[in-house]
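Here the structure is laid out as structure tokens; the discussion comes afterwards.
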Amino acid sequence: MRILNKTIAEHVGTQVTVQGWLHKKRLLGGVTFINLRDRSGLVQVVIKNKDEVEKLRGLQVGTVLAVTGSVKEEPRAPGGAELHDASLEIMVPVTDEPPIEIDKPLSHKPDNLDTLFDYRVVGLRNLKEQAIFKVQAAVKEGARRHFFANDFTEFNSPKLLPGATEGGAEVFKLDYFGKDATLAQSAQFYKQIMVGVFERGFEINPTYRAEPSATTRHMTEFMHIDAEMGFTDMQGLLDFMSGLLNNTISYVWENAGEYLAQWNAEKPLLTEKIPQIPLEEVHQKYTEATGTSTVGEKDLRPDEERWICEYAKENLGSEAVFITEWPREGAKFYHKFKDDDQTVAERADLLFRGVEISTASMREHRYDKLVTQLQGMAGGNPEDPGFSYYLSAFKYGMPPHGGFGMGLERVTQKLLGLHNVKEASLFPRDINRLTP
RNA sequence: GGGCUCGUAGUGAAGUUGGCCUAUCACGCCUCCCUGUCACGGAGGAGAUCGCCGGUUCGAAUCCGGUCGGGCCCGCCA
């Protein structure tokens, strides 16, 4: 019977078998120590029999083994117990030396990221690399729990779309049996449509952006937490997001502590309701503080995003902050504008530790007004098959609603203090990288 | 897309005002020694046409041009 490595201490005094990968071997002459890795972690095996040690000659880290032995309590062993009198069964011998060493932390220096990703297939076997994605899995789980607790239904929308789209970011174009198609740059249309079905819905799926961005926070494919809720106003939406961020982070810290510790991650400082600052106020504060005038600009500069997060942490007790009151310029056609001021979009960007992790907005839900905005702001034709299906959801009744998209890798990156968002992606895709 | 910057064994680094480089170190790998290691320790060894092409020079890892491949920042976004 196979037992898991982490349960070793529960089997003291018995004969057990563990199975996994050779992670490290230390030959001291009369005694050899090996670390075996399985899904639960590492276990130490002590081998004194020369014939058993010889079985490992020429075999590299990665060799798949079954080890049978007796469990001894041993304070000097990691975990308090280890395997003795071991007999080894080589299940899959590995004779090729791994291209990178996986038993100690891998270099995450910007200059070495290329190597890190080139050898990702084996590099991910490194426990500290795994920890990133254990944390990421916990982020997803924590978010899902908050969604479910608030009556959201999880759905999956198509990522192959017809040529016409919402506009904005560059899209990947592809040939679809002779027709023009694109890869979804967001679940925007579908998640709004789902408001007419479930009222509240979300999905966690890939999104594609063909922007030739070469920064530490962009990829061409990333995981998007897309959500949309009906019968809400802007404040209700932001309150929900405050709860989402707080509860997700609490869940992660309660359930992924050992992985967070490997990156020395510090729990973010957050307020129950994340503070809100109007865009123009950020510009004014930044201008006053730095002497660089950004007053009147329609967007935030990256340096402003970093600055205002520091400001919010020190003065408002939160490492996350909503930027509200966005100008009409730069808004999407589906955005809703303030009823008493059509020049201001009901939109908010959620900044966390210096980067934008989410954009939220109220959507224009009135059919006639939406059609007008589509034509006027995006130059779109309501009859176009890329738009007509979307518009029909409004024609047949759509309540006031709003939603947001949140970048999973950016959240993970910022929770762990990673320098580049790609480090939080299993197999990152950017302008230059399509493999592994 | 614009600006700046980098490219040395499998990996990470040193050397880069031209010569002392026949290229240094650490990890990993191979051989041997070692009975409590956990970044084990010790002795020895293999492994690099210094990204590639061309130029300047008596002489190029080092200077120049081109090229390919990275990185950072900006624009844009999540």
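In what follows, chains are A, B, ... by sequence order, proteins preceding strands, each numbered from 1. Computed from a predicted model, the values in this text were never measured in an experiment.
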- Query: With a 3.5 Å cut-off and just heavy-atom distances, do the side chain of A/E82 and the base of B/rG36 make a donor-acceptor pair?
  - Reply: yes
- Query: Residues from residues 218-229 of chain A sitting under 4.0 Å of RNA chain B, heavy atoms only?
  - Reply: A/H218, A/M219, A/F222, A/H224
- Considering Watson-Crick and G-U wobble pairs with both distances under 3.5 Å, what does B/rU22 pair with? none
- Task: Pick base, sugar-phosphate or nothing for A/K109, based on heavy-atom distances below 4.0 Å to the nucleic acid.
- Result: sugar-phosphate
- Does A/V53 have any side-chain contact (heavy atoms from CB on, under 4.5 Å) partners at least two apart in sequence or in another chain, and if so, which? A/L27, A/T32, A/I47
- Task: Mind checking A/E305 for me? I need base, sugar-phosphate or nothing, with any heavy atom below 4.0 Å counting as a touch.
- Result: base
- Partner residues of A/D114 under the salt bridge (Lys or Arg N to Asp or Glu O under 4.0 Å) criterion, sequence neighbours left out: A/R433
- Message: Between A/F404 and A/F202, is the ring centroid distance below 6.0 Å?
- Response: no
- Euclidean distance for P, B/rC76 against B/rC40 (whole angstrom): 49 Å
- Using a cut-off of 4.0 Å on non-hydrogen atoms, how would the nucleic acid contact of A/S213 be classed: base, sugar-phosphate, or nothing? base
- Message: If we count only N and O atoms by modelled type, under 3.5 Å, do the side chains of A/R37 and A/N5 hold a donor and an acceptor together?
- Response: no
Listed pairs under 3.5 Å, donor-acceptor, residues 7-15 of chain A side chains, sequence neighbours left out:
| from | atom 1 | to | atom 2 | distance (Å) |
| --- | --- | --- | --- | --- |
| A/T7 | OG1 | A/L4 | O | 2.7 |
| A/H11 | ND1 | A/T7 | O | 3.0 |
| A/T14 | OG1 | A/H11 | O | 2.7 |

- Message: By the 4.0 Å heavy-atom rule, please label A/D299 as base, sugar-phosphate, or nothing.
- Response: sugar-phosphate
- Item | Span that lies between the P atom of B/rG3 and that of B/rG66, in whole angstrom | 14 Å
- Task: Would you kindly check whether a donor in the side chain of A/R410 faces an acceptor in the base of B/rC77, or vice versa, at under 3.5 angstrom?
- Result: yes
- Task: Please collect all side-chain hydrogen bond (donor to acceptor under 3.5 Å, both in side chains) contacts where either partner lies in residues 87-97 of chain A, sequence neighbours excluded, each pair once.
- Result: none
- How many Å lie between CZ on A/R76 and P on B/rC38, as a whole number? 13 Å
- Please state how far atom CG in A/L42 lies from atom C1' in B/rC38, giving the value in whole angstrom units. 10 Å
- Note on the structure: Sorted by chain and residue number, the side-chain contact (heavy atoms from CB on, under 4.5 Å) partners of A/E54 (sequence neighbours excluded) come out as A/R57
- Item | Gap between atoms CG and P, on A/L106 and B/rG28 respectively (whole Å) | 14 Å
- Query: Can you tell me if A/Q185 and A/H224 form a side-chain donor-acceptor pair at under 3.5 Å?
  - Reply: no
- Message: Tell me every residue that passes side chain to side chain donor-acceptor pair (under 3.5 Å) with A/S107, counting only those two or more places apart in sequence or in another chain.
- Response: A/N112
- For A/K134, what residues pass the side chain to side chain donor-acceptor pair (under 3.5 Å) criterion, not counting sequence neighbours? none
- Task: Could you check how far CD of A/E170 sits from C1' of B/rA78, rounded to whole Å?
- Result: 16 Å
- Task: Quote, to the nearest angstrom, the C1' distance that separates B/rG54 from B/rG1.
- Result: 30 Å
- Heavy atoms under 4.0 Å, any strand shown: does A/T115 hit a base, just sugar-phosphate, or nothing? sugar-phosphate
- Message: Can you list everything that forms a side chain to side chain donor-acceptor pair (under 3.5 Å) with A/Q262? Sequence neighbours excluded, please.
- Response: none
- Item | Qualifying residues under ring pair (Phe, Tyr, Trp, His ring centres under 6.0 Å), relative to A/F352, sequence neighbours excluded | none
- Over how many whole Å does the gap from A/Q44 atom CD to B/rA39 atom P extend? 11 Å
- Task: Have a look at A/P212 and say if it touches a base, only the backbone sugar-phosphate, or nothing, with a 4.0 Å heavy-atom cut-off.
- Result: base
- Task: Send over the distance from A/I34 CD1 to B/rU37 P, rounded to a whole Å.
- Result: 18 Å
Write out a two-atom table: protein N or O, nucleotide N or O from nucleotides 24-27 of chain B, distance below 3.5 Å.
| from | atom 1 | to | atom 2 | distance (Å) |
| --- | --- | --- | --- | --- |
| B/rC27 | O3' | A/K104 | NZ | 3.4 |
| B/rC27 | O2' | A/E101 | OE1 | 2.1 |
| B/rC27 | O2' | A/E101 | OE2 | 3.0 |
| B/rC27 | O2' | A/K104 | NZ | 3.3 |
| B/rC27 | O2 | A/E101 | OE2 | 2.7 |

- Item | Short side-chain N/O contact to B/rU35 OP1/OP2 from A/R26, under 4.0 Å | no
- Task: Would you mind classifying the nucleic acid contact of A/I357 as base, sugar-phosphate or nothing, using non-hydrogen atoms under 4.0 angstrom?
- Result: sugar-phosphate
- On a whole-Å scale, what distance lies between the C1' atoms belonging to B/rC50 and B/rG18? 15 Å
Atom pairs, N/O to N/O, protein against nucleotides 70-72 of chain B, distance under 3.5 Å?
| from | atom 1 | to | atom 2 | distance (Å) |
| --- | --- | --- | --- | --- |
| B/rC72 | OP1 | A/N420 | ND2 | 3.2 |

- Query: A/L83 has an atom CG; how far is it from atom P of B/rG36, in whole Å?
  - Reply: 19 Å
- Item | Polar contact flag, side-chain donor to acceptor under 3.5 angstrom, A/T412-A/Q136 | yes
- Query: When the distance from CG of A/D349 to P of B/rC76 is rounded to whole Å, what number comes out?
  - Reply: 12 Å
- Message: What contact category does A/R347 fall into here, base, sugar-phosphate, or nothing, at under 4.0 angstrom with non-hydrogen atoms?
- Response: nothing
- B/rC30 versus B/rA46 - spacing of their P atoms, nearest Å: 16 Å
- Counting any heavy atom closer than 4.0 Å, what does A/L27 reach on the DNA or RNA strands: base, sugar-phosphate only, or nothing? base
